Number of protein chains: 4
Amino acid sequence: MKQPKFQRRAEDRPREICAAALEVFAEKGFASAKLDEIAKRAGVSKGTLYLYFADKEQLFRAVIRDAVVPNVERLRAALIQAGLPFGDLVRLFFSNFVEVTARVPIGAVAKMVISESGNFPELAKVWHDEVVSKAIGTMTALIEMAQAKGEVRAGDARLHTFSLLGPMLMGILYRQTLEPIGGEPLDLGELAKQHVETVLDGLLIGQPA
Amino acid sequence: MKQPKFQRRAEDRPREICAAALEVFAEKGFASAKLDEIAKRAGVSKGTLYLYFADKEQLFRAVIRDAVVPNVERLRAALIQAGLPFGDLVRLFFSNFVEVTARVPIGAVAKMVISESGNFPELAKVWHDEVVSKAIGTMTALIEMAQAKGEVRAGDARLHTFSLLGPMLMGILYRQTLEPIGGEPLDLGELAKQHVETVLDGLLIGQPA
Amino acid sequence: MKQPKFQRRAEDRPREICAAALEVFAEKGFASAKLDEIAKRAGVSKGTLYLYFADKEQLFRAVIRDAVVPNVERLRAALIQAGLPFGDLVRLFFSNFVEVTARVPIGAVAKMVISESGNFPELAKVWHDEVVSKAIGTMTALIEMAQAKGEVRAGDARLHTFSLLGPMLMGILYRQTLEPIGGEPLDLGELAKQHVETVLDGLLIGQPA
Amino acid sequence: MKQPKFQRRAEDRPREICAAALEVFAEKGFASAKLDEIAKRAGVSKGTLYLYFADKEQLFRAVIRDAVVPNVERLRAALIQAGLPFGDLVRLFFSNFVEVTARVPIGAVAKMVISESGNFPELAKVWHDEVVSKAIGTMTALIEMAQAKGEVRAGDARLHTFSLLGPMLMGILYRQTLEPIGGEPLDLGELAKQHVETVLDGLLIGQPA
DNA sequence: GATGAATGAGCATTCATTCAT
DNA sequence: CATGAATGAATGCTCATTCAT
């Protein structure tokens with residue numbers, strides 16, 4: 001029954017540590033996250049962290065990178081399916097988005113990046129270049145194409161992108177920060193479904209566009 | 001005979017300290033904000049902070065309260081002007097919102113609350129109860145009234161509120177976190193103007209709702 | 001009888017801390033010296049050290065500088081008293097040297113510099129430039145002048161300087177390292193007196209040079 | 001069938017480790033020397049060190065012992081060649097000394113002992129008993145014999161020993177600590193040659209001894 | 001024997017908080 | 001009221017030592 005003092009599992013360690021670190025960073029923020037706690041949750045000693053990551057900041061970076069970047073390309077690729085009318089394209093994007101959101105703690109990561117953008121501008125830059133810029137850019141391009149085809153109303157395509165994506169970001173952050181402290185629960189899937197149709201068709205009734 | 005040239009009146013001290021603290025908290029986040037720096041920016045000594053605030057956390061709370069709560073009621077009152085059709089109501093809300101945003105660093109405060117929601121749940125609760133809940137509640141009520149009058153399409157009124165407000169939150173956070181590190185500039189006023197009309201009328205053209 | 005928790009004595013603090021640090025560094029060497037112990041001996045808290053010195057290394061530098069450099073110029077000046085024949089010049093130097101040695105822990109400092117020359121080359125450089133180079137240079141110049149006047153035998157003046165000073169360095173280091181652990185006591189004054197006459201006149205008797 | 005090309009024989013390991021350790025200890029001092037680096041330079045793993053030495057301190061002791069003690073007896077024996085006049089005896093000693101110095105890093109070891117005498121008094125004791133005491137004792141005895149024969153001037157024989165050996169110690173330490181950081185190069189052989197004749201005959205000219 | 005991943009006590013450094021002035 | 005020197009608990013990081021393989 002005695003637990004061996006040492007446990008050797010070199011291959012999984014980085015992943016386990018990243019997972020634990022993601023939890024703690026998301027809960028506490030970068031500065032308030034204690035390496036002691038990350039180590040404890042990862043089931044290793046504090047010293048072990050330093051076998052795999054040079055310091056706290058590098059661990060933070062690794063967490064951001066591992067949790068998000070791999071998913072970005074997948075989302076993007078799903079949209080480069082030409083031939084779909086704009087409405088269906090958007091509906092596809094949102095269903096993918098909800099699915100990814102349920103699987104990876106994208107809300108926690110977004111929260112971390114927002115929190116630490118002042119202290120780690122380079123990190124915010126990575127997030128911007130790898131995630132936000134691509135997401136906004138892709139959607140903006142799709143909108144512009146649809147405008148060219150006469151499918152979408154005039155206006156700045158990038159601002160239209162904010163109209164499309166903003167509510168989802170708001171939803172994610174709401175779930176991350178306010179639901180835990182007693183805010184009325186929010187169903188992201190429902191939000192996505194209703195918002196898509198709303199923004200596509202408009203809130204008002206019976207008025208010519 | 002003693003008459004120091006620039007004697008600050010004691011009554012202004014708390015305000016000055018709060019203003020300095022808001023700056024530093026917004027730049028660094030709660031944990032990374034140093035009382036040394038807040039004191040320096042406020043032009044007082046570190047010890048003086050403790051004459052007005054029990055500890056760092058109380059100072060943080062005061063900052064949040066002072067910076068936002070007074071503005072919430074004002075915004076709310078502006079909307080309880082019955083008689084306006086829903087579209088005009090929303091347009092009024094957005095113009096007010098943009099104006100407030102330009103005056104108070106609401107983006108910084110939002111960022112702080114998001115950041116520290118894990119460490120200070122009570123604080124997130126204050127923010128939720130005093131700000132978010134009221135904002136969402138007010139808008140939701142307005143929508144429900146408009147739905148009853150047949151002005152607004154069916155659907156969960158609270159989710160419609162996310163459709164309306166989400167892009168503005170996204171815009172605020174974008175300016176707060178990504179513009180400073182090289183993100184393409186965003187004009188919040190333009191965003192507000194275009195988004196209102198879009199979400200009211202719908203993105204798509206010539207399709208029956 | 002209760003000691004006040006805080007003691008304010010800003011003007012003396014740096015000196016007191018340096019004195020305590022000199023003791024500890026001399027006993028333990030740089031790496032093994034604990035800031036805890038330095039603080040305790042200085043009668044302050046660990047944090048106080050950082051009010052006056054940026055870090056351990058800067059404290060080390062300050063110790064070296066304060067303990068030695070001021071004394072170097074004094075020694076040097078004492079020798080620029082022209083008119084004395086070489087023998088008297090050397091005797092003057094040695095009596096001054098012994099006096100300084102008794103007052104400042106030059107042995108401890110020498111030991112520290114020798115010890116840490118590998119880890120802090122810049123420090124060894126300061127020691128070299130400010131102390132050793134000047135000492136050797138001054139003595140070498142005096143010897144060359146005496147050689148020109150026919151007072152001193154031929155030969156490399158710098159090597160003659162080693163013949164003159166080496167035994168005193170050996171004596172200092174002996175007292176620093178071996179006396180404390182049971183080595184037979186050594187009287188530096190006696191060493192100086194006998195060595196001067198010996199090196200001036202020669203060890204051997206009745207042999208023509 | 002297995003016959004690894006470069007299998008090191010186990011018997012050589014301790015020697016190889018000691019050699020690597022001597023290098024690192026000499027460069028960094030005891031406390032700053034990392035077992036990681038010693039292991040790397042010895043071409044073994046960190047764990048292997050513990051197969052041969054109980055801990056860092058024992059390794060340090062072994063290094064000191066192996067590097068110096070064997071050479072002491074050799075030097076000593078070379079001097080117990082009776083029949084030589086004192087001057088020749090001293091010349092023999094110095095030539096031997098220079099030769100040993102060139103072969104073993106006696107300067108590094110001396111530096112280490114000086115550095116760590118405070119932390120390892122027992123080690124300084126070994127060094128004292130095995131090296132310094134014997135060296136000083138032997139030379140002092142030779143001087144006393146020469147004094148009895150009327151070859152050497154009166155005076156404390158032990159202090160005369162400092163006059164003889166001090167410059168060589170100074171030279172060794174100079175090369176160890178100051179040459180590497182830009183001090184003017186020093187030729188130990190030249191120093192030995194000139195110093196012997198100087199101290200034997202005296203610096204001054206034309207004065208009756 | 002040999003390895004190197006894992007450990008955890010130890011230490012330099014930071015900073016919110018206190019209090020003598 | 002105001003100050004800022006002083007405090008000391010907290011924490012990131014190091015590295016000698018251990019042990020499963």
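Predicted model only: the values in this text are computed from it and were never measured. Labels below follow one simple rule: chain letters A, B, ... track the order of the sequence lines, proteins then strands, and each chain is numbered from 1.
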TODO: Would you sketch DNA chain F in dot-bracket for me? Only Watson-Crick or G-U wobble pairs with both distances under 3.5 Å count, crossing pairs as [ ], other-strand pairs as |, the rest as dots.
DONE: .||||||||||||||||||||

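- The CZ atom of A:F53 sits 15 Å away from the C1' atom of E:dA5 (whole-angstrom rounding).
- The shortest side-chain heavy-atom distance between A:M112 and A:V63 falls under the 4.5 Å cut-off.
- Ion pairing between a basic and an acidic side chain is recognised when a charged N comes within 4.0 Å of a carboxylate O; A:R13 and A:E16 show such pairing.
- The distance between atom CD of B:Q58 and atom C1' of E:dT17, rounded to the nearest whole Å, is 14 Å.
- Residue C:E37 contributes atom CD, which lies 15 Å from atom P of E:dG10 at whole-angstrom precision.
- For B:L51, the side-chain atoms get nearest to F:dC1 when compared with the rest of F:dT7, F:dC1, E:dG1.
- Taking the centre of each ring, C:F60 and C:F53 stay at or above the 6.0 Å mark.
- When the P atom of E:dA12 is taken as reference, atom CZ of C:F25 falls 9 Å away, rounded to whole Å.
- The pair D:E27-D:R41 meets the salt-bridge criterion, with a side-chain N (NZ, NE, NH1 or NH2) lying under 4.0 Å from an Asp/Glu carboxylate O.
- Spacing between atom CG of B:L59 and atom C1' of E:dC15 amounts to 15 Å, rounded to whole angstrom units.
- If you take CG on A:D66 and CG on A:L22, they are separated by 9.5 Å, rounding to the nearest 0.5 Å.
- C:I38 places its CD1 atom 11 Å from the P atom of E:dT13, with the value rounded to the nearest Å.
- Atom CZ of A:R61 has more than 12 neighbouring heavy atoms from other residues, nucleotides or ligands inside a 6.0 Å radius.
- Taking side-chain N and O atoms only, D:R13 has no distance below 4.0 Å to OP1 or OP2 of E:dG1.
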Task: Heavy-atom protein contacts under 4.0 Å, nucleotides 10-16 of chain F, coded B base, S sugar-phosphate only, - none - done: -SBBBSB

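- Taking atom OH of residue D:Y52 and atom P of nucleotide F:dT17, one finds them 18 Å apart after rounding to whole Å.
- Side chains of B:T177 and A:S117: no donor on one and acceptor on the other come within 3.5 Å.
- When the shell of 6.0 Å around CZ of C:R65 is examined, it contains 12 or fewer heavy atoms from other residues, nucleotides or ligands.
- Using a 4.0 Å cut-off between a side-chain N of Lys or Arg and a carboxylate O of Asp or Glu, B:K125 and B:E130 do not qualify as a salt bridge.
- Counting to the nearest Å, the P atom of E:dA12 and the NZ atom of C:K40 are 13 Å from each other.
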